[in-house]
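Chain naming here is simple, since letters A, B, ... match the order of the sequence lines and numbering starts at 1 in each.
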Amino acid sequence: MKRFRLILIFVFLLAVVAYMGFGEGLIQAAKAAGQTAAPQQSQHAGKIDCASCHGKGSPEPDSTVENPRCLECHGPMEELAKRSEPADFPDRNPHKSHLGDIACTVCHHEHSPSAVYCLDCHRNFKMKIPGGKED
Amino acid sequence: MKEKEKVGSDGKRQATNQLNRRSFLKATAALGAVAGSGFALNMATPGSAEAAKRPLPKKWDETVEVLVIGSGFAGCSAAAQATSNGAKNVVVLEKMPTYGGNSIINGGVYASWDDKFHYREKLNLGNDSVNLHAEDTLKGGDYFSIPALVKVMAEGATDALNWMIDEGGAVIRPTVVRAGGHSAYRTHAAGIGKVYVDALKRIAEKNGAKFRLGTEVKWIWRADADPKSPVLGVEVKQGRKISNIKIQKGLILASGGFSRDIKMRGDHYPYLSGSDWNCTNHKGATGEMIRYAQAIGADTLQMNFIQLYPYADPETGILDTPALYPFNGPGNGIVYVTKQGKRFISELARRDHVSFAQIALGPQGKPTYTIFSDEMIEKFGGTREETEAGIKKGRLVRADSIAELAKKIGIPSDALVDTINKHNQYLAAGKDPEFNKPITKAMTPMTKGPFYAVAQWPAVHHTMGGLRINEKAQVIDIFGEVIPKLYAAGEVTGGVHGTNRLGSNAIPDCVVFGRVAGGTVVKEKA
Ligand SMILES: Cc1cc2nc3c(=O)[nH]c(=O)nc-3n(C[C@H](O)[C@H](O)[C@H](O)COP(=O)(O)OP(=O)(O)OC[C@H]3O[C@@H](n4cnc5c(N)ncnc54)[C@H](O)[C@@H]3O)c2cc1C
């Protein structure tokens, strides 16, 4: 009986996930199950918690995280950019490009695979991102 | 298809894209019956009876004085001008996660008969005028352009350029080049379009305009097609959240062209259907705003005039700096050759003519090459830094002699040497008996190395057609009336460039009409 109920809850959660889309669905599912966390898919998992990025309370659906928050731990920007400067083509730098100041979350995703936005246009650049699909 | 999903365009609503007058009238008549009961004009959803019943939002989530859709040249200059003219509450919506659309990746060449430094005059590059710029534009578009709109662009180009320099801090290079289709040295260079986007955004933000990224417009609200019936607002989507924004003074569509909208492209120009064509544009260059505007009665024109850029990177379709040289260099004596080392067209020919001359060579003809010499680089607005970078990443090939250059790119040396020698003679004689290129004194013969080659091939680049506007950037409906409070500027509009946009005319088009829209909208009653 108890097991049946668990299965039901599980199916319900799956449906919620499917319906709401990945990220938010996971948050909602986690909430429904009384958990505190939406699964983290990056190196952050097990190292930093929701509040480190989202602050107190559970985040609103579709809420994002602004750059200064990331840079509290990963900044300053100049050093981050220095570290990611490729040796062969210094200007193919994800953190310093002709797109200017863009959101970290354009490329880095916490609850889904990350993707290098530059490759949308530069099909032949070889750039890899932590937590990417083929990572 | 994937691309469209990525930008979140609504495939279903886009399904019907051409209005016909009967369905329009039917829908309008149906609306008449329900007038006053809060139904929105809506004819784009399949099954028009139900379609006419998409209700207006019951409540607005937000009210904005002037709402601008798109954050490229046109949107930024509209926001900059509206705020400069006193609008207090101006919001720019951008669906992509980054700002600037095609404008921020643009090559930065800008056609204007003059500039505040009078570079053309100082460099002794001959005469030019507003009228000549307008005449070249009309001619280059086979006289399909609307002359009144061309006049607005040509007359406003210089002031708009100076405005971006003076108010926005844009920096232009001290060169003026003569580019394909232009009969004068009037193309100014900034290296990259971001220079102008940032200048315009700076003016707009200094005056209080707000930019919102990742926010896509999904619908335009208008109660009915009565000529007095204004646009009321828009539906927007941010993440999964849908909300409705009411406008007080006006809605300015600056949503760019549709080169990446494979369906719309193919619907109007079947030759360019399918996804095999390379494309120079950013992924957000899709036509949903044109469809939404059509759905509330807006007229379009010349949607089938779609331009190929002849000099894109043959592999990726990107229009990078090396791909700009073949366009900027003809006035300084660069030469285009086939894989056989032969010229195939006048280097001063229009983009469409060059593209189709390349395509006529057949798939085995891919790629063609531009040959130039070191002496020309700075004259056509390039820099050594750029050429070094181009060589490093394999886009440019360099050699000390023409024969060696030919070997490096794998074309017959004898043929290329012969072609360049002949071309040098044509320059000396002032006459090109092969392709009748108008020879000028600014063209440098290729006698002194090192020499360079860059590969090139056509890619879908610019959509000349779009929404019909008047000289005040007001959108016109299918019966010829102004749609109150609806404006459009930039590549989303049609009628300025005719069959073929002359290179470096898009920035002045976008910035000038953006300013016109922004300046006019503030005069509307809230
Ligand atoms: C690679 C490249 C180089 C070029 N070089 C030159 C050049 O050197 N000189 C020249 O004169 N021309 C050039 N052009 C052409 C010129 O850049 C474009 O015509 C111009 O940028 C168009 O500006 P715009 O403001 O109309 O549109 P864009 O700059 O494309 O901006 C429109 C914006 O609207 C957004 N948008 C669209 N739909 C929606 C929606 N539903 N909701 C919210 N936002 C939406 C888009 O995401 C986009 O960011 C070039 C074009 C390309 C692609």
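- Salt-bridge annotation for B:K263 and B:D261: absent, with no side-chain N of the basic residue lying under 4.0 Å from a carboxylate O of the acidic one.
- Ring pair B:Y309/B:Y311: centre-to-centre distance below 6.0 Å.
- Between A:N124 and B:T316, the side chains place no donor N or O within less than 3.5 Å of an acceptor N or O (distance only, hydrogens not considered).
- Judged by distance alone, the side chains of A:S114 and A:H109 never bring a donor and an acceptor atom under 3.5 Å apart.
- By number of non-hydrogen pairs under 4.5 angstrom with chain A, the leading residue of B:H282, B:K393, B:Q238 is B:K393.
- Interface residue B:I105: only side-chain heavy atoms are found under 4.5 Å from chain A.
- Between the side chains of B:T321 and B:E386, no donor-acceptor pair of N or O atoms lies under 3.5 Å.
- Two rings, from B:Y110 and B:Y196, have their centers less than 6.0 Å apart.
- Contacts between residues 66-75 of chain A and chain B, counted as heavy-atom pairs separated by less than 4.5 Å, involve no residue at all.
- With hydrogens and angles ignored, the 3.5 Å screen pairs no side-chain donor or acceptor of B:N281 with any backbone N or O of B:H462.
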